[in-house]
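Remember, it's 1-based here, ligands and their atoms both numbered in the order they're listed. These numbers come from a predicted model, not from an experiment.
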Amino acid sequence: MLPSPEQYAAILDGAAAGGYAFPAINVTSSQTLNAALRGFAEAGSDGIVQVTVGGARYFSGAAGDGLTGARAFASLARELAAGYPAAIALHTDHCPPKDADSFLRPLLADSGDRVRRGEAPLFNSHMFDGSTLPLAENMRHSAELLDRCRRLGIVLEVECGVVGGEEDGIRGEGAGSERLYTTAEELLEVARALGIGDRGRYLLAATFGNVHGVYAPGHVKLRPEILADGQRALGQSHAGARFQYVFHGSSGSSPEELRAAVQNGVVKVNLDSEAQYAFTRAAAEHMVSNRDGVLAPEAALGDKSAYDPRSWGAKAEAAMAERVAQACEQLGSAGRSIAA
Ligand SMILES: [Zn+2]
């Protein structure tokens with residue numbers, strides 16, 4: 001099923017109150033989408049599937065257009081998730097300011113048309129990533145988008161600070177610098193600009209040393225106490241209010257690091273690299289162990305049961321689904337579904 005705006009809010013609030021988080025899986029194809037859905041179903045967990053602008057562009061095939069791909073993703077996911085025994089929210093990941101007019105705003109316009117027809121919005125949530133802008137300017141754009149999202153029943157994800165590493169061909173500026181670590185004062189500035197839910201519901205990607213991609217142990221210095229400092233500062237200035245945080249770049253994090261982040265109010269954990277790796281590794285194992293069948297000089301000399309894309313695709317999807325289900329276990333969302 002796809003969650004309504006009210007159900008999505010209940011899913012996020014349940015995580016915040018219950019001290020667990022939901023994985024948000026980046027997908028770029030029908031195969032990776034099916035793998036994510038299967039992983040959530042196996043874990044009995046609600047979940048989030050998401051596309052970046054570049055992932056959506058890939059999804060669009062020859063059209064080479066992110067907007068087309070995002071619409072196609074939403075249609076396909078809506079059809080496939082309808083039969084699933086868990087709630088699957090649809091989200092668009094990192095949208096930098098340069099893509100807002102060609103990607104984010106047209107998708108919001110689509111949702112506007114749908115809502116006026118009495119339907120659900122096209123997506124449950126969207127991320128606007130203004131982290132390359134000065135914070136005040138980032139928040140000006142974010143506030144304007146939040147107002148629009150609020151009227152459509154859509155949750156807006158915003159970013160404060162810079163996630164290091166590289167995702168979708170975009171490198172975080174200033175990796176290795178203090179910008180990888182948000183300050184409590186900056187987090188309060190977000191609350192001043194966007195409210196505490198009264199002006200629309202938002203998720204906050206607050207950076208605490210997180211980096212996109214997978215690195216050798218010790219490369220990344222996570223400081224989840226930054227998230228706790230932000231909660232304390234917000235609670236003092238806004239009577240008990242709490243941020244709902246998003247953890248970007250979770251791949252390569254230890255179970256202890258994930259637990260610390262979730263304890264400090266992370267409700268959505270993006271998982272990309274490790275899911276990609278699980279998918280591709282299983283496909284590669286198939287190719288290696290069926291070398292002659294798939295690398296024959298012509299189809300008649302090969303092994304159809306080995307080169308049929310379904311044969312390796314099913315293995316790749318099963319492996320990625322297993323990684324997704326594992327993420328549900330680690331984050332505590334396994335067995336938690338509003339559909340149950
Ligand atoms: Zn990210």
| field | Any pair counted as salt bridge (charged side-chain N to carboxylate O under 4.0 Å, His left out), so long as it reaches residues 230-244, sequence neighbours left out | value |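 Non-adjacent pairs meeting salt bridge (charged side-chain N to carboxylate O under 4.0 Å, His left out): Asp229-Arg232.
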| task | Determine which pairs satisfy salt bridge (charged side-chain N to carboxylate O under 4.0 Å, His left out) with at least one residue from residues 63-85, sequence neighbours left out, and list them in order. | result |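 Those involving residues 63-85 are Arg71-Asp110.
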| Hydrophobic clusters join Ile, Leu, Val, Met, Phe, Trp and Tyr when side-chain heavy atoms are under 4.5 Å apart, directly or via other members; which others share one with Val288? |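 Via sub-4.5 Å side-chain contacts, Val288 links to none.
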| said: Donor-acceptor pair, distance only, cut-off 3.5 Å: does the side chain of Tyr202 make one with the backbone of Gly195? | reply: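 Checking the backbone N and O of Gly195 against the side chain of Tyr202, a donor-acceptor pair under 3.5 Å is found.
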| Evaluation steps, side-chain hydrogen bond (donor to acceptor under 3.5 Å, both in side chains), between Ser311 and Ser305 | CA-CA 7 Å; Ser311 67; Ser305 69; over 6 Å; no
| task | Examine the side chains of Asn210 and His248 and answer whether a donor and an acceptor come within less than 3.5 Å of each other. | result |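 No donor-acceptor contact under 3.5 Å links the two side chains.
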| query | Close to the Zn ion (ligand 1), meaning under 2.8 Å, how many protein N, O or S atoms are there? | reply |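 Excluding waters, the total comes to 3.
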